[in-house]
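To start, the structure under review is shown below, and the notes come after it.
Each residue takes its place number in the sequence, starting with 1. Source: prediction; values computed, not measured.
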Amino acid sequence: MEGAAVAEGLWGLADHHEKLGDIGKTIKCLEAICQSQISFLPLVEVKTRLRVSALLLRYSHNVNHAKSHLERSLLLLKSIPSSFDLKFRTFSLLSHCYHLLASFPPQRNLLLKALELASSVPQDLSAYLWSCNFNSQLANTFIIQADFPSSLSALESGFLSASHICFPELQMFFTASMLHVHIMQWTDDYSVEKAVQRCDDIWQTVSSDKTERCPGLFFYNEMLHVFYRLRLCDYKNAQHHVDRLDQAMNAHSHKTQEVQQLQDELSSLSHSLSRNDLPYRERAALSDRQSQLQDRVNALSQSSTTTANSLEPAFFGNMDRAWTERLLLSQSPIDGEWLPKSAIYALVHLMVVISGRPKGLFKECSKRIDSGMLIIQDELIKLGITDEVREADLRHTAIWMSGIYLMLQMQFLENKVALELTRSEYVDAQEALVEMKNLFTRFPTILQASECVIEMLRGQYSHSVGCYGEAAFHSIQASKLTESKSLQATCQAFAAVSYLTIGDADSSSKALDLIGPLYGITNSLSGVREEASILFAYGLLLMKQQDLQEARNRLAKGLQIAHTHMSNLQLVSQYLTLLGNLALSLHDTVQAREILRSSLTLAKKLSDIPTQLWVLSSFTALYQQLGEKGSEMENEEHRKKKWDEMQSRLAEARGSIHHIELVEKARLEMDRVEDAQEQCEVTYGMQASLDIPESVGIEGPSPAQYSSRLVGLDTGKRWGKRRV
């Protein structure tokens, strides 16, 4: 009895301190029970240690301390025949600890034991829910280790458990997770398409009120559909999902702001009601208003499924975040997130950029890049990542969360570089590329997959400012930094275009050595973007070899891909310019005029000065063929103005202190931390979970001799899994 009384007293005192927000004193009260000389019942000690662990995970970074409490709890629970719920909670929390510490083999073994226990107890609602929980976590450990078949098996088991208890939203959670794994490994189009269809079928069974309680499920499902459509270059159908995501983000943001305003007003009312001299009638009116506001807050907050007493920590990180800061994928006891709300918001902005940039919607894209970068900067500051922080300075438990935001930041910068190069803003492109380079050198393990992207962008920048040898060098280097055959092919095609732009015999020979093997493997590559880049380079080579009819066939096929599948205006414009020059070479002046007019219209819309100059030079040749002296002089005057503008921009770019470091033929230098391999494993899991693609592409035509140096592809996106 004495022990029970002491425990009750210390628990009560802990409750008091927790309500006051003094977590340190709360933990001290609870740990006094664990350290007391008084003998307590095992269940008392277990419950206390569970609560201490949950507080440590939620409010601190002391994961090892929480792990010790949980391991002790498991030992105590071995002597207790029942108490299955406590055992399951202990397994779940300890699994989270192992996850945060990157102890993946122990985590996997623990989860297998938990699943064995869940299958041995009476198969009621609770047992099936915990099976869902453990299978979800187990699938994640397999993903981190790139064991996709085992991950799919675990998710399928979770789906069956959810089906036994008729939980459509849980079924949807596992179905969407399986789609995510299929997109990451992408063994064949049919398997992924089947997973998408299964998602669509299950989604129809989830009622709107359940999606309200699990808003993250909607964002997760829609985002996966965007990934899938963009991987197929199906921009038309991808746009539909991007629009839905954008609308949902705006609605959720508005709802969060409304709740915050209501809570601020409630706080003010509580302060007023605390006055002792408040007249009765005024007090009654304020009380009524308080009740109305509280009802409104409760109605808006119904999507929260995590109670204050929940033992489940936030799935990402250790911060205690209110329901307004979380987008749950499912109900308790999973209470998981795919990504934190701010990361999802940033990702929605990124999808708007990726879908809008090929269409030339630069104003909206620039606005979204700024919005996304602002979100990320705020979150990085909260994580303590300032300009001086490097990878070696990060706490191990902060690697996961910081990696999410660092990778998103690289994605926004990557798109900014591509956007600025397209509209010939070379200094702005420089600044964004240098920022990418600096981030990579500070966090080389977390951002390891970005090295290939940076090298590609260095190649595109070098090509844009007329450094073609350097452009080819960086493209070849990029091809060596990826295991993806498709991405290697694209980089080699870019290098070939740069070699062809140089134009001498040796460079043309190097281009031929690259293009020949590439064209032979076109059918085995995974995406139409790769095919478009190879066809462009091959068509350009055929033109150099004066095989004009075959060049026209290849370029026409590439144009169809660029227009129908990719909706990429810059690439369409460049293909049209090549075809216009071909028509001119074949003395088909009528067709040449029409094609070049279309190309010039697109280039003007994109503010693409290099392509405009390229087309204007072609028009000069056209008017010379036709003997239209007046049109030729007028065109040359316009071309001269554009030429002067281009030279001014190039001089500014070449005069920058960053120019030499970006174009020089040298790999990036970086610092490596001692536990790099272990961090790589954690980062791999982040990339597998996020599934943000690499960038590919070639920037526009050369800034000099546009009539003869026919070059360039736009920077596109190849959706797929990054490999560390």
Side-chain angles (χ1 to χ4, degrees), residues 459 463 466-469 471-473 475-476 479 488-525 528-562 571-589 591-592 595-596 599 610-611 613-615 617-622 624-625 697-714:
H463 193 104
C467 302
Y468 309 116
F473 170 83
S475 295
I476 294 296
S479 72
Q488 288 172 1
T490 305
C491 294
Q492 289 163 3
F494 298 168
V497 171
S498 294
Y499 281 133
L500 289 170
T501 307
I502 295 172
D504 59 33
D506 182 55
S507 297
S508 296
S509 176
K510 290 178 181 178
L512 179 60
D513 291 341
L514 287 169
I515 295 172
L518 286 179
Y519 191 73
I521 64 168
T522 302
N523 293 333
S524 66
L525 299 177
V528 293
R529 291 182 184 84
E530 295 85 350
E531 186 177 2
S533 64
I534 293 171
L535 286 170
F536 191 97
Y538 189 41
L540 185 54
L541 176 64
L542 291 170
M543 287 180 67
K544 291 275 187 180
Q545 296 173 338
Q546 295 300 307
D547 190 348
L548 301 185
Q549 193 56 52
E550 186 64 20
R552 173 182 276 183
N553 294 337
R554 302 305 171 198
L555 292 172
K557 183 179 179 182
L559 174 62
Q560 184 179 19
I561 292 172
L571 187 52
V572 168
S573 175
Q574 291 172 350
Y575 262 112
L576 286 172
T577 307
L578 274 180
L579 287 166
N581 276 274
L582 263 175
L584 197 57
S585 299
L586 295 169
H587 305 290
D588 187 347
T589 54
Q591 188 180 55
I595 293 174
L596 291 172
S599 179
T611 303
L613 277 167
W614 186 8
V615 177
S617 296
S618 301
F619 266 120
T620 296
L622 172 67
Q624 287 174 349
Q625 274 197 30
I698 290 181
E699 183 46 34
S702 66
Q705 301 183 28
Y706 296 92
S707 58
S708 60
R709 298 181 186 273
L710 308 179
V711 297
L713 292 182
D714 173 63

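A heavy-atom distance below 4.5 Å is not found between the side chains of Leu542 and Arg552. Side chains of Trp614 and Leu578 form a contact here, defined as non-hydrogen atoms less than 4.5 Å apart. Contact check for Ile515 versus Gln492: no side-chain heavy atoms found under the 4.5 Å cut-off. Residues Ser533 and Phe494 are in side-chain contact: their nearest non-hydrogen atoms beyond the backbone lie under 4.5 Å apart. Using a 4.5 Å heavy-atom threshold, the side chains of Arg554 and Tyr519 count as touching. Side-chain contact check for Glu550 versus Asp547: some heavy-atom pair is nearer than 4.5 Å.
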### Task
Dump the intermediate steps for side-chain contact (heavy atoms from CB on, under 4.5 Å) on Leu535 and Tyr575, then the final yes or no.
CA-CA 10 Å; Leu535 286 170; Tyr575 262 112; 3.6 Å; yes
### Query
Can Tyr468 and Leu500 be said to form a side-chain contact (heavy atoms from CB on, under 4.5 Å), step by step?
CA-CA 9 Å; Tyr468 309 116; Leu500 289 170; over 6 Å; no
### Verdict with reasoning, Leu584 to Gln591, per side-chain contact (heavy atoms from CB on, under 4.5 Å)
CA-CA 8 Å; Leu584 197 57; Gln591 188 180 55; over 6 Å; no
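Here CD1 of Ile561 is found 10.0 Å from CD1 of Ile534. Values are rounded to the nearest 0.5 Å. A distance of 11.5 Å separates CG in Leu613 from OG1 in Thr577, rounded to the nearest 0.5 Å. Expressed to the nearest 0.5 Å, how far CD of Glu531 lies from NZ of Lys557 amounts to 4.5 Å. Going from atom CD1 of Ile595 over to atom CG of Asn581 covers 10.0 Å, rounded to the nearest 0.5 Å. The distance from the CG atom of Leu518 to the OG1 atom of Thr490 is 8.5 Å, given to the nearest 0.5 Å. From Leu582, atom CG reaches atom CG of Leu576 across 12.0 Å, with rounding to the nearest 0.5 Å.
A donor-acceptor pair under 3.5 Å links the side-chain atoms of Thr501 to the main chain of Val497, judged by distance alone. At least one donor-acceptor pair under 3.5 Å links the side chain of Ser599 to the backbone N or O of Ser573. At distances below 3.5 Å, at least one donor-acceptor pair connects side-chain atoms of Ser479 with backbone N or O atoms of Ile476.
Taking all atoms of both residues into account, the shortest heavy-atom contact from Leu579 to Ala556 is CD2-N, 4.2 Å. Closest of all the heavy-atom pairs between Ala511 and Ala496 is CB-O, 3.6 Å. In terms of heavy-atom proximity, Ala495 sits nearest to Leu514 at CB-CD1, 3.9 Å. Contact between Ser498 and His463 at its shortest, heavy atoms only, is OG-ND1, 2.8 Å.
When only modelled atom types and interatomic distance are considered, Ser507 and Asp504 share a side-chain donor-acceptor pair under 3.5 Å.
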